[in-house]
Student: 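Before I ask anything, here is the structure I am working with.
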Amino acid sequence: MKTALYILVFTTLTATACTERFDRSTCTDGNNIRKRTYTSETEEAKALAVSIEELRQMPKETRAKRAAAIILADYVSLKDSTYHLNISKEEAKKLGIDGDLYDNVAANLEESNKAIRKALKEGYKLALPDIKKEADKYKFRQNNK
């Protein structure tokens with residue numbers, strides 16, 4: 001159960017701990033993540049933390065959801081075995097995240113929190129990752145290659 005829940009958290013958050021923050025200097029066509037274009041497939045794959053092969057198979061809406069989750073990872077905190085999204089929908093919009101994408105990430109976090117509460121109630125001991133810290137570690141490794 002511990003492993004399954006750990007996987008659920010990462011899957012639900014769309015692998016937010018495994019990427020770097022979007023660099024707007026590599027994006028064109030405004031701030032909205034649905035309208036961003038990249039200089040190459042390699043740049044987009046790197047921004048979404050997927051392989052080029054995975055990127056090619058990923059529908060546009062899935063790319064947008066993943067991009068939103070990646071950006072919002074910087075605003076996820078863990079307190080008392082509960083994940084919190086520490087940015088308002090209005091603030092997220094300034095980062096280029098549409099309201100429906102924000103709501104999707106918030107709903108995914110709540111689903112993760114429900115699964116965590118259930119597991120804890122059933123007596124499981126969990127090692128929950130701090131999403132922001134994991135994302136920061138990944139960014140540090142990427143920047144020091």
Side-chain angles (χ1 to χ4, degrees), residues 1-27 30-36 38 41-145:
M1 176 71 175
K2 180 179 172 182
T3 302
L5 186 61
Y6 189 79
I7 292 169
L8 169 70
V9 170
F10 275 152
T11 303
T12 303
L13 297 176
T14 321
T16 56
C18 299
T19 190
E20 61 187 276
R21 176 180 279 186
F22 275 80
D23 179 0
R24 286 181 184 79
S25 67
T26 63
C27 303
N31 195 35
N32 187 290
I33 61 174
R34 283 192 168 108
K35 294 179 183 174
R36 287 184 184 161
Y38 296 85
E41 278 187 328
T42 303
E43 288 296 319
E44 186 174 9
K46 182 178 175 185
L48 296 177
V50 297
S51 68
I52 292 175
E53 294 76 25
E54 289 172 306
L55 179 70
R56 288 177 179 160
Q57 295 177 11
M58 191 179 290
K60 290 243 182 228
E61 188 59 17
T62 302
R63 292 178 190 192
K65 287 178 180 179
R66 186 171 182 93
I70 288 167
I71 293 168
L72 293 176
D74 282 337
Y75 303 93
V76 174
S77 63
L78 178 63
K79 183 178 180 188
D80 299 326
S81 299
T82 302
Y83 289 104
H84 301 276
L85 188 55
N86 302 311
I87 185 172
S88 70
K89 192 183 286 192
E90 293 75 28
E91 291 169 325
K93 183 137 180 90
K94 292 176 186 175
L95 298 175
I97 300 169
D98 292 334
D100 64 311
L101 296 173
Y102 176 92
D103 291 342
N104 182 68
V105 171
N108 287 339
L109 280 172
E110 183 52 35
E111 285 300 311
S112 292
N113 287 333
K114 285 180 188 177
I116 291 165
R117 285 190 296 272
K118 181 180 179 196
L120 291 172
K121 186 177 180 180
E122 292 174 1
Y124 291 95
K125 294 194 185 262
L126 305 174
L128 300 171
D130 183 321
I131 301 300
K132 184 175 180 347
K133 285 182 183 176
E134 293 298 319
D136 288 345
K137 281 195 270 184
Y138 178 83
K139 287 182 259 187
F140 179 78
R141 285 191 309 268
Q142 288 299 101
N143 290 331
N144 292 302
K145 280 188 174 182

Student: Taking the side chain as C-beta and beyond, is there a heavy-atom pair between Tyr75 and Ser88 under 4.5 Å?
Tutor: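 No, side chains not in contact.
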Student: Quick one: side chain to side chain donor-acceptor pair (under 3.5 Å) partners of Thr82, sequence neighbours excluded?
Tutor: none
Student: Using the rule given for side-chain contact (heavy atoms from CB on, under 4.5 Å), can you reason through Arg36 versus Asn31, listing the C-alpha separation, both sets of side-chain angles and the distance that settles it, and then say yes or no?
Tutor: CA-CA 7 Å; Arg36 287 184 184 161; Asn31 195 35; 3.3 Å; yes
Student: Hey, are the side chains of Thr42 and Ile52 touching, using non-hydrogen atoms and a 4.5 Å cut-off?
Tutor: yes
Student: Could you pull out all residues at least two apart from Lys114 that satisfy side chain to side chain contact (heavy atoms under 4.5 Å, CB included)?
Tutor: Glu110, Glu111, Arg117
Student: With rounding to the nearest 0.5 Å, note down the distance linking OH in Tyr38 to CD in Glu43.
Tutor: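 CD of Glu43 is found 9.5 Å from OH of Tyr38.
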Student: Could you go step by step and tell me if Val105 and Ile97 meet the side-chain contact (heavy atoms from CB on, under 4.5 Å) rule?
Tutor: CA-CA 10 Å; Val105 171; Ile97 300 169; over 6 Å; no
Student: Can you measure from CG (Leu85) to OH (Tyr102) and round to the nearest 0.5 angstrom?
Tutor: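 The distance works out to 4.5 Å.
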Student: Checking Arg34 now: which residues fulfil side chain to side chain donor-acceptor pair (under 3.5 Å) with it, not counting sequence neighbours?
Tutor: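 Testing Arg34 for side chain to side chain donor-acceptor pair (under 3.5 Å), a comparison that skips the adjacent residues, returns Glu61, Asp98, Asp100.
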Student: What is the minimum heavy-atom distance between Val76 and Asp130, and which atoms define it?
Tutor: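 For Val76 versus Asp130, the nearest heavy atoms are O-OD1, 4.5 Å.
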Student: Hey, could you give me the OG/CE distance between Ser51 and Met58, rounded to the nearest 0.5 Å?
Tutor: 8.0 Å
Student: With side-chain contact (heavy atoms from CB on, under 4.5 Å) as the test, would you mind laying out the steps for Arg66 and Val50 before giving the verdict?
Tutor: CA-CA 10 Å; Arg66 186 171 182 93; Val50 297; 3.5 Å; yes
Student: Grab the two heavy atoms, one from Leu101 and one from Ala68, that are nearest each other, plus how far apart they are.
Tutor: CB-CB, 3.8 Å
Student: Tell me the salt bridge (charged side-chain N to carboxylate O under 4.0 Å, His left out) pairs involving residues 78-92, sequence neighbours left out?
Tutor: Lys89-Asp103
Student: So Leu55 and Arg63, do their side chains get closer than 4.5 Å, heavy atoms only?
Tutor: yes
Student: If you take all heavy atoms of Ile131 and Ala73, which pair is closest and at what distance?
Tutor: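 For Ile131 and Ala73, the tightest heavy-atom pair comes out as CG2-CB, 3.9 Å.
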Student: Where do Asn86 and Ser77 come nearest, in terms of heavy atoms and distance?
Tutor: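 Heavy-atom minimum between the residues: ND2-OG, 2.7 Å.
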Student: Under 4.5 Å between any side-chain heavy atoms of Leu120 and Lys125, yes or no?
Tutor: no
Student: Tell me which pairs pass salt bridge (charged side-chain N to carboxylate O under 4.0 Å, His left out) where either residue lies in residues 48-57, with sequence neighbours left out.
Tutor: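 Output for this query lists Glu41-Arg56.
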Student: May I ask you to test the Leu72-Leu109 pair for a side-chain heavy-atom distance under 4.5 Å?
Tutor: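 Heavy-atom side-chain distance check fails, nothing below 4.5 Å.
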Student: Taking the side chain as every heavy atom from C-beta outward, state whether Asp74 and Asp136 have any pair of such atoms under 4.5 Å apart.
Tutor: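 A side-chain contact exists here, since the closest heavy-atom pair is under 4.5 Å.
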Student: Once you round to the nearest 0.5 Å, how far does CD1 of Ile116 lie from CG of Leu126?
Tutor: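 The distance works out to 7.0 Å.
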